[in-house]
Protein chains: 2
Amino acid sequence: MATNETREKILDAAESLFARQGFGATSLRTVIAEADVNLAAVHYHFGSKEALIRAVFSRRLAPLNAERLRRLDDIENDAAGAAVSIERLLDAFIRPAVVLAPGGTDEAPILTLLFGRLHTEPGNNLPQLIYDQFDDVVTRFVEAFTRALPDLPLDELYTRFHFVIGTMASSFADPQRLAYVSRGRVDRRDVESLITRMITFLAAALRAPATRPHGAEATVDLSSATGDPIGAGARE
Amino acid sequence: MATNETREKILDAAESLFARQGFGATSLRTVIAEADVNLAAVHYHFGSKEALIRAVFSRRLAPLNAERLRRLDDIENDAAGAAVSIERLLDAFIRPAVVLAPGGTDEAPILTLLFGRLHTEPGNNLPQLIYDQFDDVVTRFVEAFTRALPDLPLDELYTRFHFVIGTMASSFADPQRLAYVSRGRVDRRDVESLITRMITFLAAALRAPATRPHGAEATVDLSSATGDPIGAGARE
DNA sequence: GTCTATATGGGGATAGAC
DNA sequence: GTCTATCCCCATATAGAC
């Protein structure tokens, strides 16, 4: 058997299992069973489980983020300095995680789950290297959103980008929840609908007027949504 | 030492550790070290780790969901049949997870993290009992949002509620990400700001016009956000 | 109810033959 | 490069004295 074939089989199996179960819950023995290789091969090719995890991400992370940046470049070139659409920015950020997915099973695409897990598992476990690869994307997209939303205070823009990542990651990482919430009435395999609905949802969210500081007056009806709104203090 | 004191110490330590590290990554040995009790005490009082996890949730879940429903009742009584504010509904859903938090550390409230984790760890691990306790809340809030957003197709409403839970859970579960995205410029300990901003964000998102079906014409500018938007098909 | 001691299994990792 | 056999640690869980 060719060397790289074993390596790839391990990566494929690990990727699939990590995506479905998370890293901690997936043992190397499970991986080698699914890959149909020997346990020692994992350590020969990767050295450790930690290194295997990093290898699984490295294989996908660079192409994913490169594709995001490439699409962002296209958008900004098209605009030629003019304002760009929030929807296009969101699409460029979200869709590559799905488009680049290798094997769609009956469920959601593997890669989607894998990267969803990246953002939802405890941050301490994530090698800095992975976040490093994300730096350019964060910087560039924050800049782009800043230009597209010039009236939004920076603090709130950062917070909203945090929400965007959270919506994307969590919704992809736990597709079961959609079935649960909808009592099975929404097809969780229709990823295209999920993406377009997510973009509609997030674009409107990003365009919301800024939240006023504590105690100040709102420009929209938020009167009951802030500042001890429903008597939290009096209720203890 | 009184019996219940040991039990409570175990629950407190487990809750804190589960919140910070997740369930799989937290061993009983870590729990007993932090609780300063004997290993056997855990099995005496709870029987198993699985049972301990359920006990940790049970202690908080009922009060949390009861508070959510109580606030929803208040809102609907106030409205007396009239339309209710999206912001108030979101507040009633989100805020109890923070208000009921016992010990705010320097970081985000423990309970917030714990329940964030509930929705982000792989669904298979979550005892059905926990989801069962959530059923009433889902049903009641979906109904309320349906009445508040009568023009939104049900399919999309379910999907958006899925996004709402995702935003809340993921944003609370990984507060580090906010610091990362903002390069430390947003104070992640200011939970009140986080909540009000989240409500602003999600209310606007829920109010967005429905996404049009595949290929149809949009009522807002979505022309580039759907349907092979940036040449995904031609790019392979 | 609380402890010590221990059973039992699974985990990652490695040595060394082939 | 691949395999078997094994080391060693850490996990959950239990038995049984106090």
Side-chain angles (χ1 to χ4, degrees), chain A residues 1-59 114 117-118 121-122 124-130, chain B residues 1-59 114 117 121-122 124-127 129-130:
Chain A
M1 177 183 298
T3 291
N4 286 347
E5 193 176 335
T6 297
R7 219 186 118 91
E8 290 298 311
K9 284 204 303 187
I10 295 171
L11 282 173
D12 289 342
E15 177 175 282
S16 167
L17 285 162
F18 289 156
R20 281 179 286 160
Q21 308 179 347
F23 314 114
T26 302
S27 70
L28 291 185
R29 288 179 157 82
T30 320
V31 172
I32 62 155
E34 181 143 325
D36 195 30
V37 300
N38 190 275
L39 175 59
V42 177
H43 290 95
Y44 174 81
H45 285 287
F46 300 97
S48 71
K49 182 182 182 180
E50 168 80 14
L52 173 62
I53 295 175
R54 273 189 275 114
V56 165
F57 275 105
S58 292
R59 185 170 64 149
L114 184 67
R117 215 158 284 299
L118 170 65
E121 291 224 352
N124 314 336
N125 305 342
L126 297 172
Q128 191 59 39
L129 182 129
I130 290 177
Chain B
M1 178 182 298
T3 291
N4 285 348
E5 193 175 335
T6 297
R7 215 186 120 92
E8 290 297 310
K9 286 204 302 187
I10 294 171
L11 283 173
D12 289 342
E15 178 176 280
S16 167
L17 286 162
F18 288 157
R20 283 179 285 161
Q21 308 180 348
F23 313 113
T26 302
S27 70
L28 291 185
R29 288 179 152 78
T30 322
V31 172
I32 61 155
E34 181 143 327
D36 194 31
V37 300
N38 190 275
L39 175 59
V42 176
H43 291 93
Y44 174 79
H45 285 287
F46 300 97
S48 72
K49 182 182 182 179
E50 168 81 13
L52 172 62
I53 295 176
R54 273 189 275 113
V56 165
F57 275 106
S58 292
R59 185 171 65 149
L114 183 68
R117 216 159 283 303
E121 293 225 352
N124 314 336
N125 306 342
L126 298 172
L129 181 127
I130 291 177

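Lettering of chains follows the sequences in order, A, B, ..., and the numbering in each one begins at 1. Just so it is clear, the model here is predicted, and its values are computed rather than measured.
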* To do: Tell me what B:A40 touches on the nucleic acid: a base, only sugar-phosphate, or nothing, going by heavy atoms under 4.0 Å.
  =>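 Answer is base: heavy atoms of B:A40 come under 4.0 Å of a base.
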* Is the distance between the ring centroids of B:F23 and B:F57 under 6.0 Å? ->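 Ring centroids of B:F23 and B:F57 are less than 6.0 Å from each other.
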Between [atom2] on [N] and [atom1] on [X], what's the gap in Å once rounded to a whole number?
| X | N | atom1 | atom2 | answer |
| --- | --- | --- | --- | --- |
| A:D36 | D:dT2 | CG | C1' | 13 Å |
| A:E50 | C:dG12 | CD | P | 12 Å |
| A:H43 | D:dT2 | NE2 | P | 15 Å |
| A:H45 | D:dG1 | NE2 | P | 7 Å |
| B:I10 | C:dG1 | CD1 | C1' | 11 Å |
| A:I32 | C:dT14 | CD1 | C1' | 15 Å |
| B:Y44 | C:dT2 | OH | C1' | 9 Å |
| A:I53 | C:dG11 | CD1 | C1' | 13 Å |

* Work out how much the helix from C:dG1-D:dC18 to C:dC18-D:dG1 bends between its end axes, five pairs an end, to the nearest 10 degrees. =>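 End-to-end axis angle for the helix from C:dG1-D:dC18 to C:dC18-D:dG1: 10°, rounded to 10°.
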* Might you work through the side-chain contact (heavy atoms from CB on, under 4.5 Å) test for B:L11 and B:L52, ending with a clear yes or no? => CA-CA 8 Å; B:L11 283 173; B:L52 172 62; 4.1 Å; yes
* **B:N4 CG to B:K9 NZ distance, which is reported to the nearest 0.5 Å** =>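 Between atom CG of B:N4 and atom NZ of B:K9 there are 13.0 Å.
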* Asked: Roughly how far apart are B:L28 CG and B:H43 NE2, rounded to 0.5 Å?
  ->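 Those atoms lie 5.5 Å apart.
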* Asked: Is the closest side-chain heavy-atom distance between B:I32 and B:N38 below 4.5 Å?
  ->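 Of all side-chain heavy-atom pairs linking B:N38 with B:I32, none is under 4.5 Å.
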* **Side-chain touch A:R59/A:E15, heavy atoms, less than 4.5 angstrom** =>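 Result yes, sub-4.5 Å side-chain heavy-atom pair found.
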* To do: With the side chain of B:N38 defined as its heavy atoms from C-beta on, choose the nearest nucleotide among D:dT14, C:dC3, D:dT2.
  =>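 Of the options given, the side chain of B:N38 lies nearest C:dC3.
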Nucleotide N/O of nucleotides 7-11 of chain D paired with protein N/O under 3.5 Å:
from	atom 1	to	atom 2	distance (Å)
D:dA11	OP1	B:S27	OG	3.4
D:dA11	N7	B:R29	NH1	3.4

* Sole residue of B:V56, B:D36, B:V37 in side-chain contact (heavy atoms from CB on, under 4.5 Å) with B:I10 ->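 Only match with B:I10 under side-chain contact (heavy atoms from CB on, under 4.5 Å): B:V37.
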* Asked: With A:R29, which residues qualify under salt bridge (Lys or Arg N to Asp or Glu O under 4.0 Å), at least two apart?
  ->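 Salt bridge (Lys or Arg N to Asp or Glu O under 4.0 Å) list for A:R29, sorted by chain: empty.
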* Taking 4.0 angstrom as the limit, do B:D12 and B:R7 come out as a salt bridge? ->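 No, no charged N to carboxylate O under 4.0 Å.
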* Ignoring backbone atoms, establish whether A:T6 has a side-chain N or O less than 4.0 Å from OP1 or OP2 of D:dT2. =>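 Looking at the OP1 and OP2 atoms of D:dT2, one of them is under 4.0 Å from a side-chain N or O of A:T6.
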* Asked: A:S48 side chain N/O closer than 4.0 Å to the phosphate oxygens (OP1, OP2) of C:dG12?
  ->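 Answer no for this pair, as no side-chain N or O of A:S48 is under 4.0 Å from OP1 or OP2.
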